[in-house]
Number of protein chains: 2
Amino acid sequence: MTKGDGPVSSVSWQSIRDTMMTRIRAHDYAPGELIPNEVDLATEFGCARATVNRALRDLATSGFLDRRRKAGTRVREAPRRKATLTIPLTRAEVEASGARYEYRLLERGVEVPPPAVRGKLKLAGDERLLHVKSLHLADDVPHMFEDRWIVLDTVPEIEAVDLAKTSPNVWLVRHAPYTHGTMEFLAETAGARAKHLICAADDPVLTMLRVTWLDASPITFARQTFSPSHRMRLEL
Amino acid sequence: MTKGDGPVSSVSWQSIRDTMMTRIRAHDYAPGELIPNEVDLATEFGCARATVNRALRDLATSGFLDRRRKAGTRVREAPRRKATLTIPLTRAEVEASGARYEYRLLERGVEVPPPAVRGKLKLAGDERLLHVKSLHLADDVPHMFEDRWIVLDTVPEIEAVDLAKTSPNVWLVRHAPYTHGTMEFLAETAGARAKHLICAADDPVLTMLRVTWLDASPITFARQTFSPSHRMRLEL
DNA sequence: GAAATTAATATGTATGCACATAATAAACCT
DNA sequence: AGGTTTATTATGTGCATACATATTAATTTC
């Protein structure tokens, strides 16, 4: 050992985070109340302020603490718990379940979109979009039906892509990553999609809407409808 | 000497993160490929390695980079994009939309749960649970119907709480924060809940299932059914 | 007394350094 | 050759220090 004494028992920021978490849960620090400042905590834990800072920053981004310069750090009254949904790449999702994935292009065309779609993409004019319908299967069983509009002004290259081989989502992930977007979940009846999902028209199905943007330019609006009984899972 | 004077125009970790993000999106660093190591990047940006480290760590937790000691940092082939769902506290959600929130306790009892609930909570025996049904309204209109089971072995204090005044969720958030849990979304028909949600029995509704744990002990299983037309929104 | 100025303070972050840890590559030894 | 040991290397983390920044509190000014 170059340092002379054992494992240099310094305190890790994770251990501080865990200790503070325990105290918060035990209400050692009351909800809404200030906790000691970083310098004092560093003294208590016998470590540098930077280490305490890292621990508290982590708890703040997890939603358990509120931090403001000069005002100090306080325990959130109602912890803003967050669930992280790793956005499913359909192929990976299906294969992770051990099933064989298959993608089928159903329709492809360049059209003027209906007003609802224009609204989602915040398009003012009547520009033409690429409209694609596809079916994604797991072990030959319909898994998800997708109805997608793609803004050709934003990603013109996709018009030349053979979408029978490459699904629009796969191509977009690779060639046109978005900067931000929104997602919605809703329940509706299968309706006309029942034919593709092989279910009854009045079966309730889970639908996921997604709109993505490249800075100020809309990229795509996708409506993905899962087969009945499908559940979207998240870890907390 | 290195002791700074003047404004010491140093580089922020955010600016490095943004620059690297731009390069990733532009495929300056090809997907799957290694990017320069921290020392080299620090030289390039004219800053300390710790600053680069902070930037790259951030991109890694965002799912754009994969980092491994000695192996280096590489660009993810398929960025594991994550959507963060801030778990809705029903009251806050309703009031944020400008509506008046109301909570109504419908039923309360201590019962032996059906097998399906026991399974969710991983209960082997036939312990008795607190069973609560409640309705949450926005401007007098039904917003969400909740059917919840609470494990009395884990949080015995709740048996003494007046749940007509305090909703189980509010009490639990305050007195029994969970360590982890799971969440599921699914579509189903309203069925018997139609009466409370004031809709048709065969209307499709969005349901959210949640199971939470305090370490190895199950706390609660909640089935929250939203009124038809409700959508769950997430930011990407 | 109200408004403007100044001081005080807690968090935020950059730096240079040292060492820890994990993973790989190279060297080594039967 | 095949397996074991030993360097090498990139990231991970901790520390002490300095300064930045956002607020709040105190003080001064009109």
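This structure is a prediction, so every number in the text was calculated from the model and none was measured.
Under the rule for a ring pair (Phe, Tyr, Trp, His ring centres under 6.0 Å), the partners of B:F145 that lie at least two apart in sequence or sit in another chain are B:H196. Residues forming a salt bridge (charged side-chain N to carboxylate O under 4.0 Å, His left out) with B:D58 (at least two apart in sequence, or on another chain): B:R17. Here A:H175 pairs with A:W171 under the side-chain hydrogen bond (donor to acceptor under 3.5 Å, both in side chains) rule; sequence neighbours left out. Here A:D28 pairs with nothing under the salt bridge (charged side-chain N to carboxylate O under 4.0 Å, His left out) rule; sequence neighbours left out. For B:E235, there are no side-chain hydrogen bond (donor to acceptor under 3.5 Å, both in side chains) partners at least two apart in sequence or on another chain. The side-chain hydrogen bond (donor to acceptor under 3.5 Å, both in side chains) check on A:D140 picks up A:R100, with sequence neighbours excluded.
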Item checked: Footprint string (nucleotides 6-11 of chain D, 5' to 3'): B base within contact, S backbone only, - free, heavy atoms under 4.0 Å -> --BBBB
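A pairwise comparison of heavy atoms in A:C47 and A:V11 identifies CB-CB, 4.2 Å as the closest pair.
To the nearest angstrom, P of D:dT23 lies 12 Å from CG of A:D66. Between A:D58 atom CG and C:dG12 atom P the separation is 13 Å, expressed in whole Å. Whole-Å rounding puts the A:D40 CG to C:dT11 C1' distance at 13 Å. With rounding to whole Å, A:L65 atom CG is found 16 Å from C:dG12 atom C1'. Between the CZ atom of A:F45 and the C1' atom of D:dC15 there is a distance of 17 Å, given to the nearest Å.
A:A50 comes within 4.0 angstrom of nothing in the nucleic acid, heavy atoms only.
For the segment residues 14-33 of chain B, the set of residues with a heavy atom within less than 4.0 Å of an atom of DNA chain C comprises B:Q14, in numerical order.
A:T51 has a side-chain polar atom (N or O) that falls below the 4.0 Å cut-off from OP1 or OP2 of D:dC15. An OP1 or OP2 oxygen of C:dT11 is reached within less than 4.0 angstrom by no side-chain nitrogen or oxygen of A:R57.
Atom CG of B:D147 is separated from atom CZ of B:R223 by 8.0 Å, given to the nearest 0.5 angstrom.
Applying the side chain to side chain donor-acceptor pair (under 3.5 Å) definition to pairs two or more places apart or across chains, those involving residues 32-46 of chain A are A:R23-A:E44, A:E38-A:R49, A:E38-A:N53, A:E38-A:R67.
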